[in-house]
Amino acid sequence: MPDSNDLTELIELERIVKDGGRHLEQRVVCEVDCGGRRFPVYAITLGSASPDVPAVGFFGGVHGLERIGAEVVIAWLRSLVRRLQWDALLHRQLESVRLVFMPVVNPGGTWRGTRANPNGVDLMRNAPVDASQRVPFMLGGQRFSAGLPWYRGAQGAPMEAENEAVCTLVEQELRGRSFSIAVDCHSGFGVRDRIWFPYAHTDQPITHLPEIHALKDIFDETHVQHRYIFEPQSRQYLAHGDLWDHLYLRACTQTGRVFLPLTLEMGSWIWVKKNPRQFFSRHGFFNPLIEHRQQRVLRRHLVLLDFIARATCSYRRWIPTDAARVTHYERALAHWYR
Ligand SMILES: [Zn+2]
């Protein structure tokens, strides 16, 4: 029997799933051994079961230490489940979209309070993709030791079980559709909230740059006051082994499908700045420790996740075709790559 009792995030998730009743499906996609315990990695789905509808996946807790990422995804699922009780429009929306959740990808790391999984592997450096240009020393991924941060895992070894589970879920639920988005929630980089898209392994633009740019356009127009910086990860740093680069590249082998993986990087340094005592706590460097700040963080990002679910549902209305694609491509190149 898995020991989810030891992890507040998993207890809360199980409570939400129970609350959601027949509207939700939950499965255990893998189990992780950690210090004599065994944690389940849950995937939860709701909405249309038809393979013809678009889908969106919400991922969190890939880096165990960044608990706020898992909490944002769980808060979003909780809000949806409560709305299922009264919101007719949500029920209408769910007829034409599939929602997929994997809020705690790395429960072993969450339990231990580490970025890496219990094997010491950084799941965001572990995929079989090598950067094609110079990466920052250590931060870009290293194979020296599992005892040091950003460890990629042994050369030639299979991906870690948690990553295999993400890949399988993306394969089953997202990639085969004409349109899908993934949002993976992290924290810890800089003072501003960022929405990153691939690539991390090269500074070259992705094939679906026009679609990304069109998504940014409708977000800017709909939420004029938003404070996110929308950019390719390569604008900040390059890295080996990025899981979303790997999944995106695999998705690109299928024609006529659009799969857009996004990473939400919540800028945690502002929480440290406003509460300098957090500087002395490792947990505090990645999470808002003060209750009201935590509430504000959760509230703010629910707007983004709701937007992404709506944009996925309505992709046919904004996705560029023909000449519009060319225009978006050129604007995106000018905005991000020149
Ligand atoms: Zn992270």
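Bear in mind the structure is a predicted one, so any value in this text is a computation, not a measurement. All heavy atoms count here, side chains included; hydrogens, waters and symmetry mates do not. Start at 1 and go down the list; that is how both ligands and their atoms are numbered.
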- Check against side-chain hydrogen bond (donor to acceptor under 3.5 Å, both in side chains), Glu211 and Tyr315: CA-CA 10 Å; Glu211 286 73 15; Tyr315 76 99; over 6 Å; no
- Task: Answer with yes or no whether the side chains of His301 and Tyr228 bring together a donor and an acceptor at under 3.5 Å.
- Result: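 Tyr228 vs His301: donor-acceptor pair found between side chains.
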- Item | Pair Tyr42-Glu14, side-chain donor/acceptor within less than 3.5 Å |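 Result is yes, a qualifying pair exists.
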- Among Pro198, Cys252, Pro232, Ser234, side-chain contact (heavy atoms from CB on, under 4.5 Å) partner for Ile206: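 Of the listed residues Pro198, Cys252, Pro232, Ser234, the side-chain contact (heavy atoms from CB on, under 4.5 Å) partner of Ile206 is Pro198.
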- Item | side-chain contact (heavy atoms from CB on, under 4.5 Å) partner of His23, chosen from Leu84, Leu94, Val81 |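 With His23 as partner, side-chain contact (heavy atoms from CB on, under 4.5 Å) holds for just one option, Leu84.
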- Query: Please walk me through it: do Asp217 and Arg331 pass salt bridge (Lys or Arg N to Asp or Glu O under 4.0 Å)?
  - Reply: CA-CA 11 Å; Asp217 253 8; Arg331 285 176 57 210; 3.0 Å; yes
- Query: Is any protein N, O or S atom closer than 2.8 Å to the Zn ion (ligand 1), and if so, which?
  - Reply: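 Within the sphere that stays under 2.8 Å of the Zn ion (ligand 1), the protein atoms of type N, O or S are His63 ND1, Glu66 OE1, Glu66 OE2, His186 ND1.
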